[in-house]
Amino acid sequence: MNRLYLFGLIASLASHAALAGTTPALLDNKPAFIADLMGQMSLEEKIGQLRLISIGGDMPRSRIVEEIAAGRIGGTFNTVIHRDNRAMQDAAVQRSRLKIPIFFAYDVVHGHRTIFPISLALASSWDMQAIALSGRVAAIEASADSLDMTFAPMVDIARDPRWGRTSEGFGEDPYLVSEIARTMVKALQGTSPSAADSVMASVKHFALYGAVEGGRDYNVVDMSPMRMYQDYLPPYRAAIDAGAGGVMVALNSINGVPATANTWLMQDLLRKDWGFSGVTVSDHGAITELVRHGVARDGREAAKLAIKAGIDMSMADSLYRQELPGLVQAGEVKVQEIDNAVREVLGTKYDMGLFHDPYRRIGAVADDPIDVNAESRLHRAEAREVARQSMVLLENRNRTLPLKKAGTIALVGPLADSPIDMMGSWSAAGVAKQSVTLRQGLNAAAGDQARVIYARGANLTGDQQMVDYLNFLNWDNPEVVQDPRPAAEMIAEALQAAEQADVIVAAVGESRGMSHEASSRTRLDLPASQRALLRALKKTGKPLVLVLMNGRPLTLNWEQANADAILETWFSGTEGGHAIAEVLFGEHNPSGKLPISFPRSVGQIPTYYNHLRLGRPFVEGNPGNYTSQYFEERNGPLYPFGYGLSYTDFSLSPPQLSTRRLARDGTLEVSVTLKNSGARDGATVVQLYIQDLAASVVRPVKELKGFRKVRLKAGEEQRVRFSIDEDDLKFFNARLQHVAEPGEFEVQIGLDSQTVQTQRFELL
Ligand code: BGC
């Protein structure tokens, strides 16, 4: 940290001289400084600030540097190398007329060089300290790689696991996702977005991207305002209220108007209602896509719609540059409208500290890392700690887990030794070979106490078309590498390993590309090749432990019925293999809880827990005819929201309320005693849900309103308290007023969303 500070100081002395186009005397007065600067800018220079260019896209680097020197680029993304970013910053602050610094952005979603578990896994920890740790480390590493901004957190509520980007978000619940959004923004931005070890958070994808119809990426979103306000918008708001400096705008349309052209969304809601004053950036090519959406005749009209809606920066297209000058000249876009966007871009650069020191995060040449991938730059201990917290134990028949560190373990499955998949998608500057696979982790943990025999057993899938798609999708190199042996031969090898073993550990699930952008699925079963392997292994009669690696809920009926234990590890990051091994051997007692419901079948989707009440609800145990159900499938999720087992047992006393009558200005305390009644130390999450029993509009069957992650020693107990006030009971009524209506409420407390104990009270 001290070193960083020193670089900053040296660079800042050098840079002040460079900032001749601005007025250093005004530097401590943001509005005056920016107004003064804007007063010196030509229209072309202003428009230049609105351009966000991807490095590695169509434009060669040398050209980008020239464009920057000409004042025609405001920021770039996708480079994490000091030398490259320095060359670009030099062009901006030494060669451009007004010497306005540019900023550098990147998708730092779950770690930067050290990869933390994917976002959905972070959410499974329900542990705000762990999540904050992951965000802070990501910011430290990203800023040390000369980055100023991250396109994160991604807080899109996802209720449809067919959507591949479910992996990137924090699940289905507005309350939990909002808590995480706040935590992440604060962790990324640290003491201030201007700090040398902070990156500015640009929350995405505003808005409602997670609700694309049918879970098909880039599809339309059509949603009632009540649902929007109640369930989908709160996490973006939470991120903004926590100080997120940027907002990335979604690719989808909302009730017929693309977000990128949506004046209601960008002006009325974001700026007027929510008071957002940071920068808005379009998603990749989204302004051009307005033509394909069919709301703009051509690029000219697309640029006009976007700037008028309030998209400050256009990402990865040239439309603003090409079209805005002509639009201003024709009087179709006012200079005022351009100025509003420019003011926000410059304000953001100011807030990042770039006017004070454009090299704040780039540092001095002499200090450039010799090896950007040096082990010393990683934060392995932190990644392992967070990974441990993020795993969810779904099944554990006959206490199959934890495994004994003795005897022989057969480790099988296409994901048991796949370093790239450990990282999950959006792995920033992570390096596959630095991530620990389960095979490596298990071997290291077993030492000479237990023998681990490995056999791959199956390819990820036998479907070559799927492999081709996944390999074509995004990556520089083919990621899904197929074992050329026939499936039967691979299974036979796995069976041979199993025959010699006391227990089978099978690492199965998805490749990371299967849970990614543009990776929507119609089927959520394990691919047939992996199912076939599991069926064969089951026949051996040996205890079968599944280690799942995947980025979304899967349909796991067969697995639930046949596996002895199932551990959901998601994509657990650089230290994943070690963390999983610790959980399997019981050195760490799992405590994760699902942040999203697992359906029994795709036909059941959506299965989110906080659905609205019905006139003819299906009641488990007393179903009746003519109730809301699928008659050929068991109803309810396979694993509910909030669910997750432990190696120890927890019990909860019936909840007690401090009063049955809550005054408008009062608070009510709900308390329960949580007891670790088992034989091991462990942690669990006490969850508080509330149901509004009668209101002016239909309300959900329950909504999460509080939770506590509690660690208890074996035999220990603790009183857990929640306080409820009027704000917790508010909802958006039919006129979109945020109100709490008088009447009865039910408190539901449990260790998951389904098994709860209840009490009632009245709001006066
Ligand atoms: C994604 C964004 C991402 C951007 C820049 C887009 O394809 O939708 O989430 O931030 O690319 O990489």
Side-chain angles (χ1 to χ4, degrees), residues 51-59 73-80 103-112 118-120 138 142 145 147-158 163-170 181 184-185 188 199-212 215-221 235-236 239 244-254 258-260 278-290 292-293 306 311-317 348 424-430 472-476 512-513 515-520 551:
R51 186 152 167 231
L52 183 57
I53 285 290
S54 168
I55 308 295
D58 297 339
M59 209 188 291
I73 288 178
T76 71
F77 65 108
N78 279 347
T79 297
V80 298
F103 69 80
F104 304 101
Y106 199 43
D107 290 282
V108 179
V109 179
H110 54 105
H112 177 62
I118 59 165
S119 300
L120 197 60
D145 267 353
L147 297 173
D148 305 303
M149 179 190 271
T150 171
F151 301 133
M154 189 282 219
V155 301
D156 305 326
I157 294 288
W163 192 46
R165 304 195 80 167
T166 301
S167 59
E168 276 178 67
F170 302 108
M184 226 8 151
V185 167
L188 290 166
V199 286
M200 185 169 271
S202 195
V203 61
K204 68 189 184 186
H205 303 84
F206 189 64
L208 323 182
Y209 185 22
V212 285
R216 204 173 73 235
D217 213 355
Y218 318 123
N219 205 355
V220 300
V221 173
Y236 308 106
V247 166
M248 183 187 288
V249 182
L251 293 162
N252 52 279
S253 62
I254 297 172
T260 308
V279 71
T280 59
V281 301
S282 78
D283 201 344
H284 207 282
I287 301 181
T288 314
E289 288 171 22
L290 292 177
R292 277 186 244 132
H293 277 291
I311 310 292
D312 298 334
M313 296 190 89
S314 90
M315 182 194 282
D317 63 33
T348 300
S425 70
W426 296 106
S427 54
F472 167 75
L473 194 57
N474 283 296
W475 330 100
D476 299 335
R512 68 171 187 159
S515 272
H516 184 53
E517 184 177 348
S519 295
S520 298

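Nothing here was measured: the structure is a model prediction, and the numbers come from that model. In each ligand, atom 1 is the first atom listed, and ligand 1 is the first ligand listed.
Listed by atom number, the atoms of ligand 1 under 4.0 Å from Phe151 heavy atoms are 10 (O). Interface of Lys204 with ligand 1, defined as ligand atoms under 4.0 Å from a residue heavy atom, comprises 2 (C), 3 (C), 9 (O), 10 (O). Interface of Met248 with ligand 1, defined as ligand atoms under 4.0 Å from a residue heavy atom, comprises 2 (C), 10 (O). Short contacts between ligand 1 and Glu517, defined as distances under 4.0 Å to a heavy atom of the residue, involve ligand atoms 1 (C), 6 (C), 7 (O), 8 (O). If you number the atoms of ligand 1 from 1 as listed, the ones under 4.0 Å from a heavy atom of His205 come out as 2 (C), 8 (O), 9 (O). Interface of Phe77 with ligand 1, defined as ligand atoms under 4.0 Å from a residue heavy atom, comprises 5 (C), 12 (O).
The closest donor-acceptor contact from the side chain of Asp312 to the backbone of Val279 lies at 3.5 Å or more, if one exists at all.
Closest approach of Ala250 to Ala207, counting heavy atoms only: CB-N, 3.5 Å. Minimum interatomic distance between His112 and Ala428 (heavy atoms only, all atoms of both residues): O-CB, 3.6 Å.
Atom CG of Leu251 is separated from atom CG of Asp283 by 4.0 Å, given to the nearest 0.5 angstrom. With values rounded to the nearest 0.5 angstrom, Ser119 atom OG is found 7.5 Å from Met154 atom CE.
Residue contacts with ligand 1 for Met154 are absent, since no atom lies close enough (heavy atoms, distance under 4.0 Å). Under 4.0 angstrom from ligand 1, there are no non-hydrogen atoms of Glu168.
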- Intermediate values then yes/no, side chain to side chain contact (heavy atoms under 4.5 Å, CB included), Leu147 and Val108: CA-CA 10 Å; Leu147 297 173; Val108 179; 4.2 Å; yes
- Passes side-chain hydrogen bond (donor to acceptor under 3.5 Å, both in side chains), Tyr106 versus Asp148? Steps please. CA-CA 8 Å; Tyr106 199 43; Asp148 305 303; over 6 Å; no
- Message: Show, in sequence, the C-alpha distance, side-chain angles and deciding distance for Val212 and Trp163, and conclude whether the side chain to side chain contact (heavy atoms under 4.5 Å, CB included) test is met.
- Response: CA-CA 8 Å; Val212 285; Trp163 192 46; 3.6 Å; yes
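In terms of polar-atom proximity, defined here as any N/O pair under 3.5 Å, Tyr209 makes no such contact with ligand 1.
Heavy atoms of Tyr106 stay at 4.0 angstrom or farther from ligand 1. The shell of residues lying under 4.0 angstrom from ligand 1, judged by heavy atoms, includes Arg165.
Phe151 and Phe77 have perpendicular rings, their planes meeting at more than 60° on a 0 to 90° scale where under 30° would count as parallel.
Taking each of Asp283, Thr150, Asp217 in turn, the one with a heavy atom nearest to atom 6 (C) of ligand 1 proves to be Asp283.
In this structure, atom 12 (O) of ligand 1 lies nearest to the protein heavy atom Asp107 OD2, 2.5 Å.
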